[in-house]
Amino acid sequence: MNKTNSQALQKESNPRTLLIPKLRTEFNGQVIAPDDAEYDKARTLFYGGMDHHPEVIVRVKDTDEVARVVKLARETGLSLSIRSGGHSVVGHSVADGGIVLDLSNMRDLQIDVKGQTAWAEAGLTAGEYTMAAAAHGLATGFGDTGSVGIGGLTTGGGVGYLVRKYGLTIDDLLAAEVVTADGQVLHVDANTNPDLFWAIRGGGGNFGVVTRFQFRLHKVDSVYGGMLFLPATADVIASFIALAEAAPEELSAIANVMPAPPMPFLPAEQHGKLVIMAMLVYVGDVKEGESVIAPFRALATPIVDMVKPMQYPEIYPPEQDDYHPIAASRTMFVDRIDRSVAEVILNHLQSSTAMMAVAQLRVLGGAMARVPVEATAFAHRKSKIMVNVAALYQNPEDKATYETWVANFAEALKQNDGGAYVNFLGEDGAARIRAAYPGRTWDRLREIKAHYDPDNLFRLNQNIPPANGK
Ligand SMILES: Cc1cc2nc3c(=O)[nH]c(=O)nc-3n(C[C@H](O)[C@H](O)[C@H](O)COP(=O)(O)OP(=O)(O)OC[C@H]3O[C@@H](n4cnc5c(N)ncnc54)[C@H](O)[C@@H]3O)c2cc1C
């Protein structure tokens with residue numbers, strides 16, 4: 001056989017070369033290759049500054065196709081990433097040189113209004129689900145942003161506006177359908193494959209592709225909530241946190257300490273000054289909500305007060321499709337934010353040269369804290385306050401500067417709680433992944449990983465290596 005023939009034969013039998021034609025023939029879902037017009041948009045994530053070029057993006061149409069893509073990844077040896085809403089902080093969901101299993105076309109939602117449950121396909125966003133459930137006066141708690149995918153958010157835990165009233169998103173997860181590394185489709189719940197059900201409640205995308213989630217829904221009609229802008233002084237920050245901790249658990253609060261953005265509804269003289277942009281949600285009677293939020297309003301003369309009775313989905317305002325900031329961030333838990341911690345926050349923010357710098361403070365507790373630590377793979381039930389510090393910037397060449405800035409900021413805030421929330425981890429390294437799964441949680445996750453994914457097929461994530469060491 002001459003060299004050209006042998007090369008041609010090799011090419012034909014190389015599963016990678018055959019991949020795209022094979023996918024196009026065999027799949028009903030959308031197959032997007034590098035020379036397709038949609039390729040660049042399809043590989044774009046929420047965050048900018050990542051330039052991953054997958055070999056192919058498969059926008060699957062159903063669970064059967066998910067299982068086939070998983071098998072194909074094994075056969076070809078290409079890396080495999082799972083993409084739902086594309087909000088991965090580090091771009092894990094778009095495999096550079098690999099296969100992207102894109103679930104964004106799987107967005108069926110079946111709501112059982114009477115039973116107050118819903119089966120949701122993983123390609124739905126938090127906003128889409130929330131809007132559809134609200135048509136029945138019902139809600140499941142997700143995060144603070146409507147465009148985040150329920151796929152990634154739920155498998156990592158899910159901390160949002162109902163966290164103190166109803167717990168994490170995973171605390172409302174009743175069952176799921178999971179495609180495992182060997183291509184099997186498994187139903188998981190408290191009685192069926194309970195180890196896998198435990199692991200997908202906080203363990204991230206390490207254990208398989210969740211194609212459908214069954215959630216509990218709560219009666220949430222109108223809420224009393226919205227944005228409240230206050231001047232950020234050390235006293236106001238510390239008092240805000242103290243009030244949020246002491247408030248009834250109907251109230252969940254997020255305080256973003258940051259320079260006031262040039263939003264049209266903010267007075268021009270405030271732009272660039274440090275403010276608390278607070279997001280408040282009181283789930284309950286409007287009059288009670290007013291009296292719970294009154295002391296927050298009294299902390300200082302509000303710069304802008306948009307807290308009002310609203311339909312719950314209004315908490316997710318429309319977002320700009322073409323907004324792709326580059327971010328450096330760190331996540332942590334702290335036990336207290338008193339005046340001196342607030343000073344540290346203000347000093348660091350003042351020193352930043354970033355386009356936007358922020359310290360996001362989320363007061364936890366309530367229903368989330370009542371779930372036993374070992375009940376799910378999210379083990380930070382006793383953590384008091386989540387802190388995320390971030391710098392948003394434009395020029396990728398500034399990465400080192402802002403990574404150093406966030407690292408120093410986080411170091412200065414460090415207290416006794418060494419934990420980390422997996423969904424906000426950036427490129428923090430193995431020690432911080434370990435910190436996301438303290439104590440026995442880590443060992444148990446590694447054992448379950450060894451059982452369901454011994455070859456670590458699902459490794460494009462905050463990775464938990466299988467107990468057998470692969
Ligand atoms: C602007 C913004 C706001 C945020 N706010 C919050 C918040 O308030 N609360 C909160 O808890 N988190 C929040 N997050 C973090 C968010 O939960 C994570 O980034 C999450 O992974 C995003 O999910 P996704 O489906 O959009 O992401 P993708 O990029 O699609 O996926 C990220 C990773 O999740 C895993 N994954 C995704 N889908 C599946 C699936 N179907 N089955 C198995 N694994 C899967 C994979 O490992 C994947 O690499 C926020 C993130 C951003 C960017």
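Every number for a ligand or one of its atoms is a count from 1 in the order of the listing.
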Plane angle bin for His380 and Phe378 - parallel if under 30°, tilted between 30 and 60°, otherwise perpendicular: perpendicular
Contact check, side chains of Phe46 and Val148, non-hydrogen atoms, under 4.5 Å: no
More than 12 heavy atoms from other groups under 6.0 Å of NZ on Lys414: no
Identity and distance of the protein heavy atom lying nearest atom 3 (C) of ligand 1: Thr145 OG1, 3.3 Å
Location of contacts on Leu460 toward ligand 1, heavy atoms closer than 4.0 Å: backbone
Test item, Ser147 contacting ligand 1 (heavy atom, 4.0 angstrom): no
For atom 50 (C) of ligand 1, closest protein heavy-atom neighbour: Phe424 CE2, 3.7 Å
Value rounded to 0.5 Å, distance of NE2 in His271 from CE in Met263: 9.5 Å
Under 4.0 Å to a heavy atom of Gly143 - the qualifying atoms of ligand 1, by number: 7 (C), 8 (O), 9 (N)
N or O contact, Leu45 vs ligand 1, cut-off under 3.5 Å: no
Other residues, nucleotides, ligands: >12 heavy atoms within 6.0 Å of Lys61 NZ: yes
Main-chain N/O of Pro466 paired to Arg446 side chain as donor or acceptor, under 3.5 Å: yes
Within-shell test, Tyr421 vs ligand 1, heavy atom, strictly < 4.0 Å: yes
Atom indices of ligand 1 within 4.0 angstrom of Gly158 heavy atoms, with elements: 11 (O)
Candidate with minimal heavy-atom separation from atom 47 (O) of ligand 1, of Asn461, Ile150, Thr125: Asn461
Side chain, backbone, both or neither: the part of Phe142 lying under 4.0 Å from ligand 1 by heavy atom: neither
Closest protein heavy atom (residue, atom, distance) for atom 17 (O) of ligand 1: Asn423 ND2, 3.2 Å
Protein residue, atom and distance nearest to atom 26 (O) of ligand 1, heavy-atom basis: Gly149 N, 2.9 Å
Contact atoms of ligand 1, heavy-atom distance to Leu103 under 4.0 Å: 41 (N)
N-O pairing of Asp171 and Arg201 below 4.0 Å: no
Atom 41 (N) of ligand 1 [closest protein heavy-atom partner, distance rounded to 0.1 Å]: Val210 O, 2.8 Å
Per-atom contacts of ligand 1 with Arg83, taking only distances under 4.0 Å to non-hydrogen atoms: 30 (O)
Worked check of ring pair (Phe, Tyr, Trp, His ring centres under 6.0 Å) between Tyr316 and Phe142: CA-CA 11 Å; Tyr316 294 137; Phe142 296 107; 8.0 Å; no
His92: numbered ligand 1 atoms lying under 4.0 Å from its heavy atoms: 49 (O)
Residue portion contacting ligand 1 (non-hydrogen atoms closer than 4.0 Å) for Tyr47: side chain
Derivation and outcome, side chain to side chain donor-acceptor pair (under 3.5 Å), residues Tyr402 and Thr353: CA-CA 9 Å; Tyr402 294 113; Thr353 55; 3.0 Å; yes
Heavy-atom donor-acceptor pair, Asp102 side chain to Val58 backbone, under 3.5 Å: no
From the candidates Gly86, Ala176, Gly152, Ser104, the one that places a heavy atom nearest atom 28 (P) of ligand 1: Gly86
For atom 48 (C) of ligand 1, closest protein heavy-atom neighbour: Ile82 O, 3.2 Å
Ligand-side contact atoms (ligand 1) for residue partner Phe46, heavy atom cut-off under 4.0 Å: 1 (C), 53 (C)
Residue Ala122 vicinity, atoms of ligand 1 by number, heavy atom under 4.0 Å: 41 (N)
Nearest neighbour in protein (non-hydrogen) for atom 52 (C) of ligand 1: His87 CD2, 3.8 Å
Gly85 backbone acceptor or donor facing His87 side chain under 3.5 Å: yes
Side chain, backbone, both or neither: Glu319 near ligand 1, heavy atoms under 4.0 Å: neither
Side chain to side chain donor-acceptor pair (under 3.5 Å) evaluation trace for Thr331 with Arg432: CA-CA 9 Å; Thr331 188; Arg432 291 300 283 160; over 6 Å; no
Distance (rounded to the nearest 0.5 Å) between Glu121 CD and Gln110 CD: 8.5 Å
Side chain Gln415, main chain Asp335, donor-acceptor under 3.5 Å: yes
Identity and separation of the nearest protein heavy atom to atom 38 (N) of ligand 1: Ser84 OG, 2.7 Å
Close approach, Gly160 and ligand 1, non-hydrogen under 4.0 angstrom: no
Mode of Ser88 contact toward ligand 1 - side chain, backbone, both, neither (heavy atoms, under 4.0 Å): both
Proximal candidate to atom 31 (O) of ligand 1 [heavy atom criterion; set Gly85, Gly157, Ser93]: Ser93
Gap separating the CE atom of Met368 from the OG atom of Ser383, nearest 0.5 angstrom: 6.0 Å
Within 6.0 Å of CD in Glu38, more than 12 heavy atoms from elsewhere: yes
Stepwise side chain to side chain contact (heavy atoms under 4.5 Å, CB included) check, Val60 with Leu103: CA-CA 6 Å; Val60 288; Leu103 296 156; 3.9 Å; yes
Per-atom contacts of ligand 1 with Gly208, taking only distances under 4.0 Å to non-hydrogen atoms: 42 (N), 43 (C)
Residue-ligand contact Gln462/ligand 1, heavy atom below 4.0 Å: no
Within reach of ligand 1, part of Asp144 (heavy-atom separation under 4.0 Å): both
